Amino acid sequence: MKAILIDKFCETLDQVQVSEVPTPEATGDNILIRVRGVGVNYVDTLYARGKHQNNKRHVVPPFVLGLEFAGIVLEAPAGCPFQKGDKVFGDHAGSYAEVISIAQDEASRRLQRVPEGWPVEAAAGLAATLPVSYDALVSAGRLRAGETVLVHAAAGGLGVMACQVAAARGCRVIGTAGSDAKCKYARGYGAGEVINYTTDAEWWKRVNELTGGKGVDVVFDPVGLVEPSLKCTASKGRILVVGFAGLDGNFEKIAMNRILLKQRYGQTLRENPEKAEEMWEHLQAMLEFLSVKPTLSVMYEGLESVPRALQDLKDRKIYGKAVVRPAIGGSVHRL
């Protein structure tokens, strides 16, 4: 079968290529899934080039790229809650492939059912973004109704999910984004006010104006903007560090005397796999009632399109989520 195999780290994203790899087989204790869509994530651009901290130990060549997917169950053991024909989505290291295998004993925390009425491909962009945004805000951030949340990169994959989660929990959402079009997009997903940081370079001053000088209660930062965010964070506010997408794998260096209280967030299933099941109980209800909507904005056809998708994401051309469909053809309706 075809897959995006990284047999050595790439210098540039155009070196990412499709390879032929063995197709997984049914073993009696695994679930085989035909992949219909793969979510494109910024971390993919780092993994492919060896620029992520996990590349030092956990993600080393050779490996198949990709973190999240949606698809159709091809085969499953008898008695498994997922059976042939079920529409599913989930997280899986190695998702840029035509077929993937999930161990049956991991299914309860790795696989979810696509909500009724959703296109399968629309769910491909959920597993690596929605639980991260939810757990950062609700668990680490202790978000409460009535609070004000600042979401950086509010039109990005993590940011647009954070906007929806915060709005659904009764919070005021202020976003930042890099164009007027992206600001408009974020407002469609729960952000009340969105600041274009390309035309308002000192955006923290605008945030302070919008909050009457108080500052925000919570900052959701997937970019690497802790230092300027401290200028508009309320006393005893919480800053959630969920990524460094604006720094191309580098890290901020903050003078610690600047920080009164911050919360560094990094979620991995290795650290607390049981927490995934607990979170998805809450998240499935939000999906069923469309408190959180899919944010699929562009579809790339065929695994050969992965280098272009990754470069477009790195160049900030994508709003919400992009999905690569391994098999070309068909159409996807929008919710």
Side-chain angles (χ1 to χ4, degrees), residues 4 6 33 35-48 52-55 58-59 63-71 88-97 100 102 106 109-112 114 118 120-140 151 153 155-165 189 220-223 240-245 249 265-273 275-277 279-280 282-284 286-287 292-300 306 309-310 312-314 318-326:
I4 301 296
I6 305 298
I33 299 165
V35 177
R36 288 278 299 272
V38 185
V40 183
N41 289 282
Y42 182 77
V43 72
D44 297 337
T45 73
L46 300 178
Y47 278 163
H52 195 280
Q53 61 264 33
N54 285 345
N55 290 131
H58 299 297
V59 184
F63 63 91
V64 175
L65 198 62
L67 296 175
E68 59 181 351
F69 71 93
V88 296
F89 70 93
D91 65 275
H92 176 71
S95 291
Y96 285 113
I100 61 174
I102 303 289
E106 296 181 357
R109 64 177 183 269
R110 302 281 295 281
L111 285 182
Q112 307 297 325
V114 175
W118 281 43
V120 175
E121 293 87 347
L126 291 174
T129 53
L130 179 55
V132 173
S133 297
Y134 178 89
D135 201 31
L137 289 168
V138 176
S139 298
V151 177
L158 286 169
V160 75
M161 286 299 178
C163 289
Q164 294 189 83
V165 169
Y189 287 93
F220 181 91
D221 180 16
V223 179
L240 305 168
V241 178
V242 294
F244 302 93
Y265 173 76
Q267 183 224 2
T268 68
L269 293 179
R270 290 189 303 273
E271 294 173 351
N272 192 352
K275 195 168 189 178
E277 294 183 56
M279 276 194 300
W280 278 111
H282 299 285
L283 295 175
Q284 278 288 2
M286 297 178 75
L287 295 173
V292 172
K293 300 179 292 184
T295 61
L296 173 59
S297 63
V298 59
M299 184 84 72
Y300 294 86
V306 169
L310 295 177
D312 286 349
L313 183 66
K314 187 171 182 291
I318 294 171
Y319 303 1
K321 287 294 295 191
V323 167
V324 173
R325 185 158 47 180

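From a predicted model like this one, the values you see are computed outputs, not experimental measurements.
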Participant: Could you check if a side-chain atom of Asn54 sits within less than 4.5 angstrom of a side-chain atom of Leu46, using non-hydrogen atoms only?
Facilitator: no

Participant: Check Ser95 against Val38 and note the closest heavy-atom contact, atom names and distance.
Facilitator: O-CG2, 3.2 Å

Participant: Could you tell me whether the side chain of Leu130 reaches within less than 4.5 Å of the side chain of Val165, counting heavy atoms only?
Facilitator: yes

Participant: With sequence neighbours excluded, tell me which residues meet side-chain contact (heavy atoms from CB on, under 4.5 Å) with Ala124.
Facilitator: Ala70, Val323

Participant: Taking only residues two or more places apart in sequence, or in another chain, which ones meet Asn55 in a side chain to side chain donor-acceptor pair (under 3.5 Å)?
Facilitator: none

Participant: Under 30°, 30 to 60°, or over 60°: which ring-plane class applies to His282 and Tyr134, parallel, tilted or perpendicular?
Facilitator: parallel

Participant: If you define the side chain from C-beta out and look only at heavy atoms, does anything of Leu111 sit under 4.5 Å from Ile33?
Facilitator: yes

Participant: Looking at Thr45 and Leu310, would you say the former's side chain and the latter's main chain have a donor-acceptor pair under 3.5 Å?
Facilitator: no

Participant: Would you check if Leu313 and Tyr42 make a side-chain contact, meaning some heavy-atom pair closer than 4.5 Å?
Facilitator: yes

Participant: For the residue pair Arg110 and Asp91, establish whether any side-chain heavy-atom pair is separated by less than 4.5 Å.
Facilitator: yes

Participant: To the nearest 0.5 Å, what is the distance between CG (Leu287) and CZ (Phe89)?
Facilitator: 5.5 Å

Participant: Any side-chain heavy-atom pair from Phe220 and Leu158 closer than 4.5 angstrom?
Facilitator: yes

Participant: On a heavy-atom basis, which atom in Ala136 and which in Leu240 lie closest, and how many Å separate them?
Facilitator: O-CD1, 3.3 Å

Participant: Considering only heavy atoms from C-beta outward, does the side chain of Tyr189 approach that of Thr295 to under 4.5 Å?
Facilitator: yes

Participant: Find the distance between CG (Leu67) and OH (Tyr47) and round it off to the nearest 0.5 Å.
Facilitator: 6.0 Å

Participant: Could you give the distance from CE (Met161) to CG (Leu137), rounded to the nearest 0.5 Å?
Facilitator: 12.5 Å

Participant: Using every non-hydrogen atom in the two residues, find where Val306 and Val324 come nearest and quote the distance to one decimal.
Facilitator: CG2-CG1, 4.0 Å

Participant: Might you point out which heavy atoms bring Met279 and Pro131 nearest each other, and give the distance in Å?
Facilitator: SD-O, 3.6 Å

Participant: Measure from the side-chain N and O atoms of Glu68 to the backbone N and O of Ala128, and report whether any donor-acceptor pair falls under 3.5 Å.
Facilitator: yes

Participant: Just by distance, do the side chain of Ser297 and the backbone of Gly320 share a donor-acceptor pair under 3.5 Å?
Facilitator: no

Participant: Go through the structure and list residues passing side chain to side chain donor-acceptor pair (under 3.5 Å) with Tyr96, not counting sequence neighbours.
Facilitator: Asp44

Participant: For a 4.5 angstrom cut-off between non-hydrogen side-chain atoms, does Val59 reach His52?
Facilitator: no

Participant: Check whether Arg109 reaches the backbone of Glu277 with its side chain - one donor and one acceptor, N or O, closer than 3.5 Å.
Facilitator: no

Participant: Does Gln112 reach the main-chain N or O of Gln284 with its side chain, forming a donor-acceptor pair under 3.5 Å?
Facilitator: no

